[in-house]
Amino acid sequence: DQKIRTAWDAEKEEWYFSIIDVISVLTGTANPRRYWSDLKRKLKIEGAVEVYEKIVQLKMIASDGKERETDCATVEILFRIIQSIPSPKAEPFKRWLAKVGYERIQETQNPDIAIRRAIGSYLAKGRDIQWIEKRLNSIAKRKGLTDEWKARGISLGWQYAVLTDTVHKGTFDKTTKEHKSIKKLENNANLRENMTEMELTLMGLAELATKELVQTKDAQGYKENHEAAKIGGSIAGNARKNLE
């Protein structure tokens with residue numbers, strides 16, 4: 001029942017969590033700031049330099065109602081910090097991380113396990129097998145396109161975001177933000193997890209068409225890939241209009 005302050009980074013599409021709030025919950029210390037200060041030194045000694053460098057300071061409302069900068073971390077970095085907290089309350093997280101790590105090694109050795117796990121997770125959420133098939137297919141199409149973009153000089157987060165939005169708008173005549181609004185979803189919600197079978201099929205067509213165009217035209221850099229994204233989206237958009 002203790003509050004963990006959070007902040008959403010719309011550009012990176014990631015949650016950030018107040019580290020001292022998490023430490024307060026997991027240790028019960030009366031002085032979480034001092035505890036965190038000591039733990040930071042411990043992390044540095046352990047050689048966790050990357051963890052140290054990825055901690056950011058964000059303004060959050062303090063207990064006195066004033067906005068103050070506080071150290072924050074993403075889920076990944078937060079889990080690494082938790083691993084260094086010697087507390088019984090942190091132990092369940094550590095056991096879970098060990099289990100997940102073992103499962104990922106299994107999936108690397110046998111990708112079928114990852115697919116079966118994904119199907120099981122979707123079935124548990126009440127999804128039917130036809131929707132699951134379309135969703136997994138859309139994930140593969142998306143991966144194929146982003147890999148192609150990466151190979152052709154796309155490296156910045158905003159470039160991927162704009163190219164994705166261009167394909168999406170060409171398909172649905174709506175940006176991803178507008179589409180989420182129609183579905184009454186929060187900005188941080190995963191739109192594709194809330195699409196219908198037909199929407200997923202159209203997005204798959206758009207991304208496959210864009211990938212084919214990029215390869216055929218040998219698009220290089222942001223400008224040429226953006227042109228291909230517009231055409232690829234319009235191909236799926238025409239299919240949508242014909243269906244309607």
Side-chain angles (χ1 to χ4, degrees), residues 1-58 60 69-127 132 135-136 138-140 142-143 146-147 150 157 160 186-194:
D1 296 321
Q2 296 181 59
K3 182 176 175 58
I4 306 290
R5 289 172 295 170
T6 61
W8 172 251
D9 187 324
E11 185 180 340
K12 293 181 180 179
E13 295 192 338
E14 278 190 303
W15 281 105
Y16 281 85
F17 299 82
S18 165
I19 297 171
I20 60 167
D21 289 357
V22 173
I23 285 173
S24 178
V25 170
L26 292 182
T27 66
T29 177
N31 194 340
R33 291 185 184 278
R34 176 65 183 272
Y35 192 104
W36 170 229
S37 179
D38 293 340
L39 186 59
K40 272 197 283 191
R41 283 196 292 272
K42 180 186 174 187
L43 286 166
K44 218 170 183 180
I45 293 168
E46 289 175 353
V49 179
E50 188 179 355
V51 172
Y52 197 83
E53 289 174 348
K54 287 186 176 179
I55 293 164
V56 299
Q57 285 202 323
L58 299 175
M60 292 184 165
E69 286 193 338
T70 186
D71 285 351
C72 296
T74 61
V75 172
E76 180 185 355
I77 300 303
L78 196 61
F79 280 158
R80 174 60 188 88
I81 292 168
I82 290 170
Q83 286 175 320
S84 293
I85 297 176
S87 165
K89 290 184 179 180
E91 197 56 35
F93 286 96
K94 295 177 185 180
R95 287 199 301 269
W96 178 75
L97 285 169
K99 181 175 181 291
V100 170
Y102 173 63
E103 288 172 352
R104 293 300 171 269
I105 291 171
Q106 285 182 307
E107 290 169 4
T108 301
Q109 295 170 340
N110 184 0
D112 283 352
I113 295 173
I115 295 168
R116 289 199 299 271
R117 187 172 285 123
I119 291 171
S121 177
Y122 282 128
L123 287 171
K125 292 177 182 177
R127 298 291 192 178
I132 295 170
R135 181 67 182 108
L136 295 179
S138 77
I139 291 169
R142 171 69 181 167
K143 179 72 166 57
T146 54
D147 284 351
K150 185 178 181 180
Y160 284 100
E186 297 291 332
N187 285 336
N188 61 318
N190 188 319
L191 178 57
R192 298 193 192 206
E193 290 289 302
N194 293 276

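Owing to the predicted nature of the structure, the values given are computational and were not obtained by experimental measurement. In what follows, residues are counted from 1 in the order of the sequence shown. The basis for the numbers below is simple: all heavy atoms, side chains too, and nothing from hydrogens, waters or symmetry mates.
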### Message
Minimum heavy-atom separation for Lys94 and Ile82, please, with both atom names.
### Response
CE-O, 3.3 Å
### Message
Rounded at 0.5 Å granularity, tell me how far CD1 in Ile19 sits from SG in Cys72.
### Response
6.5 Å
### Summary
For Ser24, the side chain to side chain donor-acceptor pair (under 3.5 Å) test, sequence neighbours excluded, returns none
#### Entry: side chain to side chain donor-acceptor pair (under 3.5 Å) against Asp147, all qualifying residues, sequence neighbours excluded
Lys143
### Query
Which value, rounded to the nearest 0.5 Å, describes the distance between Ile115 atom CD1 and Ile132 atom CD1?
13.0 Å
### Query
How would you list, by chain and number, every residue that makes a ring-ring contact (aromatic ring centres under 6.0 Å, His included) with Phe79, sequence neighbours excluded?
Trp96
Side-chain donor-acceptor distances from residues 30-40 under 3.5 Å, at least two apart:
residue : atom : partner : partner atom : Å
Asn31   : OD1  : Arg34   : N            : 3.1
Trp36   : NE1  : Asp71   : OD2          : 2.8
Asp38   : OD1  : Arg41   : NH2          : 2.4
Lys40   : NZ   : Asp71   : OD2          : 2.9

### Task
Name all residues meeting the side chain to side chain contact (heavy atoms under 4.5 Å, CB included) criterion together with Ile113; count only those two or more places apart in sequence or in a different chain, and write none if there are none.
Gln106, Glu107, Asn110, Arg116, Arg117
### Task
Of all the heavy-atom pairs spanning Thr27 and Ile23, show the shortest one and how long it is.
OG1-O, 2.6 Å
### Task
Could you list the residues that satisfy salt bridge (Lys or Arg N to Asp or Glu O under 4.0 Å) with Lys125, not counting sequence neighbours?
none
### Task
Enumerate the residue pairs fulfilling salt bridge (charged side-chain N to carboxylate O under 4.0 Å, His left out) with a member in residues 72-93, sequence neighbours excluded, ordered by first and then second residue.
Glu46-Arg80
#### Entry: side chain to side chain donor-acceptor pair (under 3.5 Å) against Glu69, all qualifying residues, sequence neighbours excluded
none
### Task
Over all heavy atoms of both residues, which pair between Leu78 and Ala73 is shortest? Give the atoms and the distance, please.
N-CB, 4.1 Å
### Summary
By side chain to side chain contact (heavy atoms under 4.5 Å, CB included), Lys54 pairs with (sequence neighbours left out) Glu50, Ile77
#### Entry: Within residues 97-126 or reaching into it, pairs that qualify as ring-ring contact (aromatic ring centres under 6.0 Å, His included) - sequence neighbours excluded
Tyr122-Trp131
### Message
Within the 4.5 Å heavy-atom criterion, are Leu26 and Phe93 side-chain neighbours or not?
### Response
yes
### Query
Please, which pairs that meet salt bridge (charged side-chain N to carboxylate O under 4.0 Å, His left out) have at least one residue in residues 15-32, sequence neighbours excluded?
Arg5-Asp21
### Query
Thr6 versus Tyr16: any side-chain heavy-atom pair under 4.5 Å?
no
## Note on the structure
Sequence neighbours excluded, the answer for side chain to side chain donor-acceptor pair (under 3.5 Å) partners of Lys42 is none
